[in-house]
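Okay, structure first, notes after.
Computed over heavy atoms, backbone and side chain alike; hydrogens, waters and symmetry mates excluded. As the structure is a prediction and not an experimental result, all values here were calculated from the model. Residue numbers run from 1 in the order of the sequence given.
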Amino acid sequence: MTAENLCVTLEDMIKETSQEKLKWQVEFATSEYQKEEEKPVVEADGKTWMVDECYTAYSCNFRGADFCMITYENIEKSGEQTRTINLVFLPPVAMRLFALDELAPYAVEASAVLVDKIHRLFELLLSLKREGSDQVILDAREIVVKDTEE
């Protein structure tokens, strides 16, 4: 599926979710709550950047077919500045590995428009979960970011 097709599909999914027609399973793993002194840092552009990672797996049955999408965000912070790298994957439905090397063959080009649609979907699903909706099953856990030089 192309990034453009995925954008259209996600827009339809957002609409159908808002109309209570879709049920989602969302799994995410983040290093956000890891102690700062334990997080890896990178030196770039004359600054020191602290690294966080977040994986999110979305799955549902959409118009009679199983859908699975995994996103990865690399977040680097230096003082008040933040920069991110976003990756999007459409792996087989049964694949729930949060490993970039395993997901690489299923990558979809992550345009700004696509990342925005994914963010809108994530915000909608979190909002529904907070409201107590049974449309969203959410599993969250912490991961530890490893220094790539280890």
Side-chain angles (χ1 to χ4, degrees), residues 1-34 36 39-42 44-45 49-146 148:
M1 180 181 298
T2 66
E4 293 80 17
N5 290 345
L6 183 55
C7 281
V8 171
T9 298
L10 289 172
E11 192 62 42
D12 289 345
M13 289 175 151
I14 289 168
K15 287 178 188 170
E16 290 190 25
T17 301
S18 295
Q19 297 168 350
E20 300 182 7
K21 294 180 180 178
L22 290 180
K23 292 189 181 235
W24 290 89
Q25 181 171 344
V26 180
E27 303 168 59
F28 71 92
T30 181
S31 64
E32 182 179 358
Y33 303 107
Q34 185 179 350
E36 286 191 15
K39 294 181 183 185
V41 295
V42 294
D45 303 324
W49 300 84
M50 188 177 323
V51 180
D52 274 313
E53 293 181 328
C54 183
Y55 286 93
T56 308
Y58 303 83
S59 57
C60 70
N61 187 285
F62 179 64
R63 298 180 180 166
D66 288 331
F67 172 82
C68 178
M69 175 177 69
I70 297 177
T71 61
Y72 168 80
E73 186 174 16
N74 177 286
I75 306 138
E76 297 178 353
K77 294 179 183 176
S78 180
E80 295 297 314
Q81 287 187 302
T82 301
R83 60 187 189 182
T84 64
I85 297 171
N86 294 281
L87 304 175
V88 179
F89 308 94
L90 295 173
V93 174
M95 186 175 199
R96 290 292 186 275
L97 295 174
F98 288 164
L100 292 178
D101 56 338
E102 299 289 330
L103 291 168
Y106 308 104
V108 175
E109 186 176 340
S111 68
V113 172
L114 179 56
V115 170
D116 180 63
K117 295 234 186 278
I118 293 167
H119 183 72
R120 285 182 43 222
L121 174 63
F122 186 74
E123 286 182 335
L124 172 61
L125 297 176
L126 284 182
S127 173
L128 289 169
K129 185 65 179 173
R130 279 189 212 107
E131 293 169 6
S133 171
D134 65 353
Q135 282 181 262
V136 182
I137 297 169
L138 181 67
D139 177 30
R141 64 183 182 273
E142 187 174 352
I143 58 172
V144 175
V145 180
K146 302 283 186 189
T148 56

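Take N5 and apply the side-chain hydrogen bond (donor to acceptor under 3.5 Å, both in side chains) test, not counting sequence neighbours, and it matches T2. Evaluation of the side-chain hydrogen bond (donor to acceptor under 3.5 Å, both in side chains) rule for E36 yields no partner, not counting sequence neighbours. Remark: Y58 engages no residue in a side-chain hydrogen bond (donor to acceptor under 3.5 Å, both in side chains) (not counting sequence neighbours). Applying the salt bridge (Lys or Arg N to Asp or Glu O under 4.0 Å) rule to D101 yields no partners; only residues at least two apart in sequence or on another chain are considered. With sequence neighbours left out, the ring pair (Phe, Tyr, Trp, His ring centres under 6.0 Å) criterion links F62 to no other residue. With sequence neighbours excluded, no residue forms a salt bridge (Lys or Arg N to Asp or Glu O under 4.0 Å) with K21. Residues satisfying the side-chain hydrogen bond (donor to acceptor under 3.5 Å, both in side chains) criterion with S127, sequence neighbours excluded, are E131. For the ring pair (Phe, Tyr, Trp, His ring centres under 6.0 Å) test, no residue two or more places apart in sequence or in another chain qualifies with Y106. A search for side chain to side chain contact (heavy atoms under 4.5 Å, CB included) contacts involving D66 returns N61, V93, not counting sequence neighbours. Judged as a side chain to side chain contact (heavy atoms under 4.5 Å, CB included), and not counting sequence neighbours, the contacts of A110 are V88, V115.
At distances below 3.5 Å, at least one donor-acceptor pair connects side-chain atoms of S111 with backbone N or O atoms of L114. A distance-only check finds a donor-acceptor pair linking the side chain of S31 to the backbone of E53 [under 3.5 Å]. K39 contributes a side-chain N or O that, together with a main-chain N or O of E32, makes up a donor-acceptor pair within less than 3.5 Å.
A distance of 9.0 Å separates NZ of K129 from CG of D134, quoted to the nearest 0.5 Å. The distance from the CE atom of M1 to the SG atom of C7 is 10.5 Å, given to the nearest 0.5 Å. Distance CG/L126 to CG/L138: 6.5 Å, rounded to 0.5 Å. If you take CD1 on I70 and CD on E27, they are separated by 8.0 Å, rounding to the nearest 0.5 Å. The distance from atom SG of C54 to atom CZ of F98, rounded to the nearest 0.5 Å, is 8.5 Å. The structure places CZ of F122 at 11.5 Å from CG of L124, a figure rounded to the nearest 0.5 Å.
Between V26 and D139 there is no side-chain heavy-atom pair separated by less than 4.5 Å. Using a 4.5 Å heavy-atom threshold, the side chains of N86 and T71 count as separate.
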Run the numbers on I118 and T56 for side chain to side chain contact (heavy atoms under 4.5 Å, CB included), then give the verdict.
CA-CA 10 Å; I118 293 167; T56 308; over 6 Å; no
Start with the C-alpha gap between V42 and M50, add the side-chain angles, then the distance that decides, and say whether side chain to side chain contact (heavy atoms under 4.5 Å, CB included) holds.
CA-CA 7 Å; V42 294; M50 188 177 323; over 6 Å; no
Starting from the C-alpha separation in whole Å, work towards a yes-or-no answer on side chain to side chain contact (heavy atoms under 4.5 Å, CB included) for V51 and I75.
CA-CA 6 Å; V51 180; I75 306 138; over 6 Å; no
For a side chain to side chain contact (heavy atoms under 4.5 Å, CB included) check, start with the C-alpha distance between Y55 and L100, then their side-chain angles and the critical distance, and finish with the verdict.
CA-CA 10 Å; Y55 286 93; L100 292 178; 3.4 Å; yes
Under 3.5 Å donor-acceptor pairs involving side-chain atoms of residues 10-17, not counting sequence neighbours:
residue, atom, partner, partner atom, Å
E11, OE1, K117, NZ, 2.9
E11, OE1, R120, NH1, 3.0
E11, OE2, R120, NH2, 3.2
E16, OE2, R63, NE, 3.0
E16, OE2, R63, NH2, 2.7
T17, OG1, M13, O, 2.7
T17, OG1, W24, NE1, 2.8

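Taking every heavy atom of both residues into account, L103 and F89 meet most closely at O-CD2, 3.1 Å.
For residues 71-91, the salt bridge (Lys or Arg N to Asp or Glu O under 4.0 Å) pairs, not counting sequence neighbours, are D45-R83, E76-R83.
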